[in-house]
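The structure under discussion appears below in the form of structure tokens.
The chains referred to below are lettered A, B, ... by the order of the sequence lines, with proteins before strands, and numbering in each begins at 1.
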Amino acid sequence: MNYWLFKSEPDCFSLQDLKKKKTEHWDGVRNYQARNFLRDEIEKGDMVIFYHSSCAEPSAAGVAKVVRSGYPDFTAWDPHSEHPDPKSTKENPRWYMVDVQFEREFKNPVTLREMRTMAGLEGMQLLAQGNRLSVMPISKQHFEIIVKAGGKKK
DNA sequence: GCCAACGTTGGC
DNA sequence: GCCAACGTTGGC
């Protein structure tokens, strides 16, 4: 089993939105490196840190679980979707997505600011300078440290 | 809103 | 295949 970190802008789609919907497809990723993870490496049963980016307090908000591995992102085919791509077709899909299920909301969201100073998170890709990937791997150790710091919400 | 870091595009 | 121009991300 592998661990991942997914970024989302909470104004767009937050962990609380996922909580309400229970399960949702993680569509709209339009970056090849992230696409390769979604298509080739992320498997059913993998765990995900749900990270809120581009907001007042960027932070790890909770945990989600992958319930369906990579399949074509059909929103790319729809000219009226958020992220249409006319070069992606049903016959030759360019973009992929997975389905995630709500697992846990942290009692205390773990802010980026905190993560930069927390022991044991050295080398985490999220903390690397200029990191822009919206889907990235995270080690089991780093995953567990963040989950522990986040705590359980009743 | 600014801007550094990065990915993508397209002319050559 | 290089690289300048451009667009986007995302923290601050």
Side-chain angles (χ1 to χ4, degrees), chain A residues 2-21 24-42 46-64 66 69-100 102-139 141-151:
Chain A
N2 288 306
Y3 299 85
W4 308 90
L5 185 143
F6 287 10
K7 290 182 192 171
S8 183
E9 301 187 17
D11 289 346
C12 206
F13 185 71
S14 69
L15 177 69
Q16 289 72 30
D17 292 331
L18 180 63
K19 189 178 186 179
K20 269 177 240 159
K21 300 198 74 168
E24 184 62 295
H25 45 258
W26 201 267
D27 63 84
V29 173
R30 300 290 180 265
N31 168 284
Y32 287 101
Q33 220 183 324
R35 187 280 309 268
N36 293 345
F37 288 135
L38 291 167
R39 187 188 58 188
D40 307 329
E41 299 198 40
I42 301 180
D46 285 359
M47 301 302 289
V48 173
I49 295 281
F50 196 121
Y51 177 82
H52 285 163
S53 68
S54 292
C55 53
E57 195 79 82
S59 57
V63 180
V66 177
S69 62
Y71 62 105
D73 181 346
F74 51 76
T75 70
W77 308 330
D78 176 5
H80 303 295
S81 78
E82 297 280 326
H83 305 280
D85 182 358
K87 289 176 187 162
S88 184
T89 62
K90 282 186 190 180
E91 294 71 29
N92 190 17
R94 174 177 291 200
W95 305 112
Y96 281 73
M97 60 187 174
V98 300
D99 287 355
V100 295
F102 175 83
E103 186 78 12
R104 177 196 294 192
E105 183 177 357
F106 289 150
K107 184 177 172 199
N108 313 108
V110 187
T111 67
L112 179 63
R113 206 156 36 87
E114 288 167 340
M115 286 191 267
R116 290 197 190 284
T117 59
M118 275 167 60
L121 293 186
E122 295 83 6
M124 191 165 76
Q125 201 172 336
L126 179 73
L127 305 181
Q129 184 183 36
N131 166 67
R132 292 170 52 189
L133 260 190
S134 63
V135 169
M136 69 181 84
I138 179 173
S139 72
Q141 291 89 329
H142 291 167
F143 179 91
E144 285 172 351
I145 288 171
I146 292 169
V147 168
K148 193 175 176 190

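- Here C:dG10 presents its P atom at 14 Å from CZ of A:F6, a figure rounded to the nearest Å.
- Between A:W26 and A:F50, the ring-plane angle classifies as perpendicular under the 30° and 60° cut-offs.
- Shown are A:R30, A:R39, A:R94; of these, the salt bridge (charged side-chain N to carboxylate O under 4.0 Å, His left out) with A:D73 is made only by A:R30.
- Aromatic ring pairs are classed by plane angle as parallel below 30°, tilted from 30° to 60° and perpendicular above 60°; the pair A:F74 and A:H25 is perpendicular.
- Computed from coordinates, the A:L126 CG to C:dG11 C1' distance equals 11 Å when rounded to whole Å.
- Taking 4.0 angstrom as the limit, A:K7 places a side-chain polar atom (N or O) nearer than this to OP1 or OP2 of C:dG10.
- For A:R94 and B:dG7, the CZ to P distance is 17 Å, given to the nearest whole Å.
- Protein atom CZ of A:R113 is 13 Å distant from nucleotide atom P of C:dG11, rounded to whole Å.
- Look at CG on A:L133: it is 10 Å from C1' on B:dG7, rounded to the nearest Å.
- Among the protein residues, A:R116 comes within range of the sugar-phosphate backbone only, with heavy atoms under 4.0 Å from sugar or phosphate atoms but none that close to a base.
- Distance CG (A:D11) to P (C:dG10): 13 Å, rounded to an integer number of Å.
- The backbone N or O of A:A76 sits nowhere less than 3.5 Å from a side-chain atom of A:D85 that would complete a donor-acceptor pair.
- For A:S53, the listed nucleotide lying nearest its side chain is C:dG10; candidates were C:dC12, C:dG10, B:dG7.
- Contacts of A:Q129 with the nucleic acid, taken as non-hydrogen atoms under 4.0 Å apart, involve only primed sugar atoms and P, OP1 or OP2.
- Dashed line: the shortest gap from a side-chain N or O of A:Y32 to OP1 or OP2 of B:dT9 is not under 4.0 Å.
- Spacing between atom CG of A:N131 and atom C1' of B:dA4 amounts to 14 Å, rounded to whole angstrom units.
- Spacing between atom CE of A:M115 and atom C1' of C:dG10 amounts to 13 Å, rounded to whole angstrom units.
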